[in-house]
Each structure stands twice: as C-alpha cells, then as structure tokens.
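To start, the structure under review is shown below, and the notes come after it.
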Amino acid sequence: MNDTLRHGHLQENPAHAEYGTSYGRIKPEGVDTTHGAILYLEDITVSFDGFKAINRLTMDISVGELRCIIGPNGAGKTTMMDVITGKTRPTSGTAWFGQTIDLTRLSEPEIAHAGIGRKFQRPTVFEQHTVFENLELAMKMDKRVRPTLFFRLSSEQQGKIEEILKLIRLTGQENRLAGLLSHGQKQWLEIGMLLMQEPQLLLLDEPVAGMSDAETARTAELLNELRGKHSIMVVEHDMAFVTEIAQQGKVTVLHEGSVLAEGTMQQVQNDERVIEVYLGR
Ligand SMILES: Nc1ncnc2c1ncn2[C@@H]1O[C@H](COP(=O)(O)OP(=O)(O)OP(=O)(O)O)[C@@H](O)[C@H]1O
Ligand SMILES: [Mg+2]
C-alpha cells in the first residue's frame with residue numbers, strides 16, 4: 001500500500017504525550033504505530049448477496065483517539081466493527097491494525113489477542129460470579145498472563161483490579177454477584193473486563209443503550225477518563241451522550257456503508273447532508 005496514502009494525512013496526536021499511565025498503555029506492544037495510526041480501513045466493501053452493507057469505506061483512527069461513529073440504522077456501523085474484529089470478512093479492501101497487521105488475514109481470536117477488545121450491546125458478564133471475580137477472570141483470560149494451576153494475584157494485579165473498580169464506579173460492590181447489578185453496572189463491568197486485558201483498541205457498540213439518564217452521564221464521565229489512555233471507537237445513537245464524549249474530537253458519520261461526513265460534533269451537526277439523512281429525523 002502507498003504509505004503517503006495511508007499515513008500522509010495523519011496528524012500528530014497530543015495523546016502521545018500520555019504514554020505510560022498505570023493501567024493503560026498507549027504504546028501498543030507488537031503493534032507498529034510509528035505513524036500515529038492505530039487503525040486504518042482502506043476501501044472496504046462488504047457485500048451480502050450483492051447488497052453492500054459497507055461500500056468502499058476508508059477511515060483511520062489515531063493512537064489514543066476517542067472516535068465517535070454515528071449514522072442511521074443500517075448504515076453499516078456494526079458491520080464495520082465485525083470487519084475490524086474478524087467476525088466478517090470484507091469482500092474487498094484492507095483493515096490495518098497499526099502499520100503492519102492486516103486484520104483481514106487474522107481469525108477472531110488472533111485479533112482479540114493482538115489487542116482489539118470489543119463490547120457488544122448486550123452485557124456479557126459472568127452472573128454467578130462476583131464483580132471482583134469477573135475482573136480476575138478477565139485478567140486470567142489475558143493470554144499474556146502465564147497460566148498457573150494455583151493462580152495468585154500479585155499486589156500489582158490486585159492494585160490494577162482496584163483501579164479498574166474505581167474507574168467503572170463499582171468500588172465497594174466488588175463482592176456482589178454480577179447478576180445482581182443494574183443493567184448499567186453490568187455494562188461498566190464488561191468495559192472493566194475489557195480494560196483488564198489492556199486492549200490497544202477498544203470498540204464499543206451502543207454502550208449506553210438501555211441505560212438510565214444517570215447511568216448514561218456516568219458512562220460519559222468514564223469514557224472521558226479513558227480519553228488519551230486507550231484508542232476507542234464508540235458507536236452511539238444517543239446524541240447528547242456523543243456530544244458529551246466527542247468534545248473537540250472527530251465524529252464520523254456513516255451512511256449506506258460509506259463515510260458521509262467527518263469533523264467535530266458541531267461541524268457534522270451543521271452539515272446539510274447529515275441533517276437530511278440522520279439528525280433531522
Ligand atoms: N449477515 C448479514 N446478512 C445480510 N445483511 C446483513 C447482515 N448483517 C448486516 N446486514 C445488513 O447490512 C446493513 C448494515 O447493518 P449494520 O448492522 O451494520 O447497521 P448499523 O449501522 O449497525 O445499524 P444500527 O444503528 O441499527 O445498529 C443493514 O441493512 C443490515 O440489514
Ligand atoms: Mg448496529
């Protein structure tokens with residue numbers, strides 16, 4: 001691939017200055033992000049029996065960026081995440097993770113192992129286990145942690161769990177069964193479980209769907225705390241929430257499988273085409 005095409009338009013990301021926080025590392029290990037991009041989708045098309053759910057989609061995400069993706073139902077947002085995570089193979093096009101990893105050649109587990117974590121809409125926590133155990137299990141599922149028969153948490157690992165508990169607003173609830181948490185708390189726990197594995201890229205598909213207003217507001221706070229520490233892609237229909245987390249960052253509008261517009265929330269909100277196909281409805 002042409003390097004200028006792939007990276008020429010990428011700008012230095014201020015988030016680079018924040019390398020090395022205690023639980024998150026921006027600098028992906030094994031992922032070459034020397035040109036600043038964590039993800040580069042190049043001319044992706046996904047056809048389902050001739051119907052193009054994704055149509056020549058090109059976009060990139062910088063290291064440490066929190067990118068919001070919006071667009072009408074059926075725009076291809078979830079399908080795009082399916083391509084990134086290896087669930088769906090594109091009919092054509094390439095998906096680069098960093099400079100060198102071609103995601104279209106990897107299996108779903110290989111992609112997860114390479115450092116892409118995905119949260120689906122429905123919370124998937126271990127309901128019969130406590131909050132703490134869920135986070136501990138997530139750590140054990142991390143392939144980089146050497147499995148041992150008698151797994152004992154080091155004080156560092158214990159500290160990390162405590163830090164995540166605080167982040168996901170579940171300090172003091174660590175001994176509750178996950179099944180007894182509210183819907184919003186389960187969603188936060190699942191985000192916490194993904195964070196335990198220190199993903200280099202986190203994909204969240206409609207994280208606040210079904211949440212109360214208070215839970216939605218807290219989720220926005222949570223994501224704002226993660227800003228710059230992880231590269232994150234968030235798909236949402238809740239525009240108040242998107243405005244809250246997009247701040248001055250980029251928002252991408254998908255429509256009929258392609259990028260319709262890209263810019264700050266204010267820019268895309270004032271874009272006639274975006275108003276016509278989505279926001280004006
Ligand atoms: N496996 C499939 N087979 C056939 N068509 C599919 C398949 N998966 C998705 N589609 C179609 O592709 C289009 C894009 O779907 P997708 O789920 O990606 O949209 P979306 O932007 O996530 O929408 P929403 O906001 O409703 O979640 C839709 O028209 C959908 O019906
Ligand atoms: Mg969807």
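Atoms within each ligand, like the ligands themselves, are counted from 1 in listed order.
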Please answer whether the main-chain N or O of Val131 pairs with a side-chain N or O of Glu174 as donor and acceptor at a distance below 3.5 Å.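 No.
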
Under-4.0 Å salt bridge between [X] and [Y]:
X	Y	answer
Lys186	Glu127	yes
Lys160	Glu198	yes
Asp82	Lys77	no
Arg169	Glu215	no

Ala75, Gly257, Gly74: member with heavy atom nearest to atom 14 (C) of ligand 1: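 Checking each option, the heavy atom nearest atom 14 (C) of ligand 1 is found in Gly74.
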
Protein contact of [atom] - nearest heavy atom, named by residue and atom, plus distance:
atom	value
atom 11 (C) of ligand 1	Phe51 CE2, 3.9 Å
atom 17 (O) of ligand 1	Thr78 CB, 3.7 Å
atom 5 (N) of ligand 1	Phe48 CD1, 3.3 Å

Under-4.0 Å protein heavy-atom contact, atom 30 (C) of ligand 1: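 No.
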
Can a donor-acceptor pair be found between the side chains of Thr252 and Arg67 at a distance below 3.5 Å?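 On atom types as modelled, these side chains qualify, holding a pair under 3.5 Å.
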
Using only heavy-atom distances, determine whether the side chains of Thr78 and Asp205 contain a donor-acceptor pair under 3.5 Å.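 Thr78 vs Asp205: donor-acceptor pair found between side chains.
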
Per-atom contacts of ligand 1 with [X], taking only distances under 4.0 Å to non-hydrogen atoms:
X	answer
Thr79	9 (C), 14 (C), 15 (O), 16 (P), 18 (O)
Ala53	12 (O), 13 (C)
Glu206	25 (O), 27 (O)
Asn73	23 (O), 24 (P), 25 (O), 26 (O)

Nearest non-hydrogen partners of Gly71 and His237, listed with the distance: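 Of all heavy-atom pairs spanning Gly71 and His237, the closest is O-CE1, 3.2 Å.
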
Is the distance from the Mg ion (ligand 2) to some N, O or S atom of Asn73 under 2.8 Å?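 Looking at Asn73, which is the residue asked about, there is no N, O or S atom under 2.8 Å from the Mg ion (ligand 2).
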
Measure Met80 to ligand 1 on non-hydrogen atoms and call it side chain, backbone, both or neither using the 4.0 Å cut-off.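 Met80 to ligand 1: no contact under 4.0 Å from either part.
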
